[in-house]
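The next block holds one structure in the form of structure tokens; read it before the comments.
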Amino acid sequence: MRYLLFPILRKISLLFFVFLCAGRVQAQEERVSKIRNTLEAIEKKIEWEKEGWIKIFSWWNEKDNPYQEPVTLYSQLHFKNKIHLGDNLNLHFSLDAIYENTLHTEDIEDVDILVNEAYLCWKMGGGRFYLGNQYISWGKLDNVILLDRINPYNYKYFILFKKQERKLPIFMLRYNWHQKNYDGEVLLIPFFKPSYLKFFGSDWAVFGHLKKTIEEGSYSSQVKETIKAVDVTREDKLDKYIPKNFQGAVKLRSRIKDIDFDVYYMYIYNRLPTLKEKKDKSNTVKKFLYLPTEENLTALLSQNLSPEELKLIEDFPRLHILGIDFETVAGPYGIRGEVGLFLSCPYLRRDFSYVRKDTLSLGVGIDHTAENNFYWNFQFIEDIILNYEELFSQEEFSHQVTLNLSKQFFYGDLILDLDSSYRISYHDWMLNPQVSYKLEKGVVFSLGGYIFEGSATTLFGRYSDNDLVYFKVIYNF
Amino acid sequence: MRGIIGVFFSLMMLFPLWGVSEERILSGREIMEKVFNRYDGDDAYFKIEMALVDKKGNTRSRILEVYTKDYGELMKSYLEFLKPPDIRGVKFLSWENKDKDDTQYLYLPALGRARRIVSSQKNLRFVNTDFTYEDMQRRHPDKDTHTLLGGEIYQGYSCFVVESIPKKGTSQYSKRIFWVDKERFLVLKTEFYDKKGKKCKIFRVEKIEEISGIWTATRTVMEDLARHHKTLMNVVEVKYNQGTEDEIFTLSNLEKD
């Protein structure tokens, strides 16, 4: 590990260099002071709330194959703003500067400056209109939230980031209102935005480094050419801003006795794609990608598919979702649950052909904080595929449990955490232990790890080579 | 009723010796009823600087806003942390219920939604302060048996000293002793005793001010004797009867940015 220290420090220095690059502009004093004066003048005239955080997140994993990234550095500056434009009108926007470096031999660096949330909030009577890029948090469960389906997610690093951190903002018109006995919220989403998912070329891609392994392995040129031509594309219409891509959702919230509940209806695109064959009716491409054996490779080659036939299409079917959730307390326990009926969910059959099935998902969670600041949270999730027929990787009844344990010491300065998830039906699991310490100035240091286990076709098992340890620093300002 | 109590307080200001006769007349329960029913505005806003001080004297500062509003006999309250940055945006909503525990919600920005919390776990600390969730709730006099122990001068104020013993299963404490200002019916000091009968915490009011005609404790200390830890609260801004909107005390407000 010691040899890694220098490049890490070098990259951290570079990161701060990037963040502080505005400081270099100071040489051009006139311009800077002009900008500063203008900003100060604006700030005096309007009420401007600013906050943010800097996160430095680095993880190390054992190199199980030559293409794996042994060290990754991810740094993010998040700058959140709220400007009061009038008595009832606010502008919210946040900016992210993200710097990523795999510290790999190829030394791939990536710097992005992104507009994250950006929306106007207009308060009118008993309601509020929101227009722009926003986040929505629906559902009552934790970790596995069945009804939190509005925003897409960023799976670039699978689940290394917490659920809210993985969320991507989405453009919408939102209206929520409050009545004496109920609250309501309506969303109109004019454009399609999928979750970010990589299929090839990274440790966290669905098919990992499969293409590169073949391309640089001792295979015949026919094999290499065939695999090189394998690709995943998206239907054009999805990227267009057309009424056909319009989505909508509504939520009503009320309370009966001591139980809070919400009722949902969503008509949205599934944010995660399923791969649909374009022309390859024998499905040998998908079969090889999901089960990359010599036998499946031979079967794929024997089809003599053209480059066009080697392409798969990402399919994002529209879903009608009906849901209900609830939350209450029973003695010293918090109890919550969700039920969702998802119509026309996409699945792959055993022969890798594509099929849609209605699915009923149920989840119930219970949590408790003991006197000594020990917290636990247990959830049980059940997915039931209706009109079941044999599928590639889904059982008719799938059961999953999650358990979170947390213990605070020194008035919350030191926190020990354990997040875990076990998919009973598929025997794959994930563990995420973490220890965090908060300094007086609000800097939080965390040290933790991820362990993934299971067979190669399961959700967590697919990443069983990616067990890692990480170090994270977060400074809020 | 609130208006009558307001007039009552005005009279107290005119006749400061009134408390002497009250000492002879009032029982412990009557005193605590007067404390509970003391007019403290139909709605109120407080901006508070909070300092958490550990046994080594290390201090952590927080700034928070609190809104309260009366709904008949019951009250709703909303609290939001403004500083420091690591807990900014943490919000707490509490609705009193008749004859049962309060309904409470906590909003954590990292979670992105409000979460129902268990108010029956009275002995849990509220966001690492020396206040437990029970201390955050108003306590109806019916829940305790009150005994007037006598009178005492506390920090220059003539006080009733009242012992309140909780009825079975209603509190984390075995008893509380209150020092109640005879003129204003404001609690100036409270001693908390744990289940073993040992004094475990002391709440002290260090400064009171009359704001919009309502006597208000503007500087207080809650001290945990076992942990040698203190929570100091300094009220820097108070507004009463501003007509606070009902929307403040809703779940949707708790979840908005």
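In what follows, chains are A, B, ... by sequence order, proteins preceding strands, each numbered from 1.
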Take A:Asp183 and B:Glu255, measure what side-chain contact (heavy atoms from CB on, under 4.5 Å) needs, and give me the verdict at the end.
CA-CA 12 Å; A:Asp183 293 342; B:Glu255 291 177 340; over 6 Å; no

Carefully, step by step, assess B:Asn128 and A:Gln408 under the rule side-chain contact (heavy atoms from CB on, under 4.5 Å).
CA-CA 10 Å; B:Asn128 293 314; A:Gln408 294 191 8; 3.5 Å; yes

Pair A:Ile474-B:Asp86, side-chain contact (heavy atoms from CB on, under 4.5 Å): steps then yes or no
CA-CA 9 Å; A:Ile474 297 176; B:Asp86 59 317; over 6 Å; no

Chi angles and distances behind the side-chain contact (heavy atoms from CB on, under 4.5 Å) call for A:Arg128, B:Glu247
CA-CA 11 Å; A:Arg128 280 193 171 85; B:Glu247 196 208 353; 2.4 Å; yes

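Open room surrounds NZ on B:Lys207; 12 or fewer heavy atoms of other groups in view lie less than 6.0 Å from it. Heavy-atom contacts from other residues, nucleotides or ligands closer than 6.0 Å to NZ of B:Lys83 number 12 or fewer. Heavy-atom neighbours of B:Lys56 NZ from other residues, nucleotides or ligands within 6.0 Å: at or below the threshold of 12. Heavy-atom contacts from other residues, nucleotides or ligands closer than 6.0 Å to NZ of A:Lys251 number more than 12. Within 6.0 Å of CZ on A:Phe410 lie no more than 12 heavy atoms contributed by other residues, nucleotides or ligands. Around NZ of B:Lys143, the count of heavy atoms belonging to other residues, nucleotides or ligands within 6.0 Å exceeds 12. Dense packing is recorded around NZ of A:Lys123, with more than 12 heavy atoms of other residues, nucleotides or ligands lying under 6.0 Å away. By the 6.0 Å contact criterion, CH2 on B:Trp95 is enclosed, its count of non-hydrogen atoms from other residues, nucleotides or ligands being greater than 12.
There is no contact between A:Lys163 and chain B, counting heavy-atom distances below 4.5 Å. Residue A:Asn372 does not touch chain B at all, counting heavy-atom pairs closer than 4.5 Å. Residue A:Glu185 does not touch chain B at all, counting heavy-atom pairs closer than 4.5 Å. Interface residue A:Arg255: only side-chain heavy atoms are found under 4.5 Å from chain B. Interface remark: A:Glu165 contributes no atoms to any contact with chain B (heavy atom separation under 4.5 Å). Contacts between A:Tyr333 and chain B at a heavy-atom distance below 4.5 Å involve the backbone alone (N, CA, C, O). Within the 4.5 angstrom heavy-atom criterion, no atom of A:Lys162 approaches chain B.
With chain A as partner, the option from B:Leu251, B:Thr132, B:Asp101, B:Val127 having the largest number of non-hydrogen pairs under 4.5 angstrom is B:Leu251. Of the listed residues (B:Leu111, B:Asp246, B:Ile117), the one with the most heavy-atom contacts under 4.5 Å to chain A is B:Leu111. If you tally non-hydrogen atom pairs under 4.5 Å between each of A:Gly334, A:Gly412, A:Cys121, A:Ala330 and chain B, the highest count goes to A:Gly412. Interface check for chain B: of the options A:Asp258, A:Asn176, A:Asn90, A:Val443, the most heavy-atom pairs under 4.5 Å are formed by A:Asp258. Interface summary for chain B: among A:Val444, A:Asn373, A:Thr328, the most heavy-atom pairs under 4.5 angstrom belong to A:Thr328.
The two residues A:Ser137 and B:Gly112 make their nearest non-hydrogen contact at CB-O, 3.3 Å. When all heavy atoms of B:Thr129 and A:Tyr411 are compared, the pair lying nearest together is O-CE2, 4.3 Å. Nearest approach of A:Leu439 to B:Arg60, heavy atoms of both residues: C-NH2, 4.0 Å.
Using a 4.0 Å cut-off between charged side-chain N and carboxylate O, A:Glu49 and B:Arg88 make no salt bridge. The pair B:Arg113-A:Asp148 does not meet the salt-bridge criterion, since no charged nitrogen lies less than 4.0 angstrom from a carboxylate oxygen.
A 4.5 Å side-chain heavy-atom check between B:Arg115 and A:Arg336 finds at least one atom pair inside the cut-off.
No side-chain donor from either of A:Arg253 and B:Ser252 sits under 3.5 Å from a side-chain acceptor of the other.
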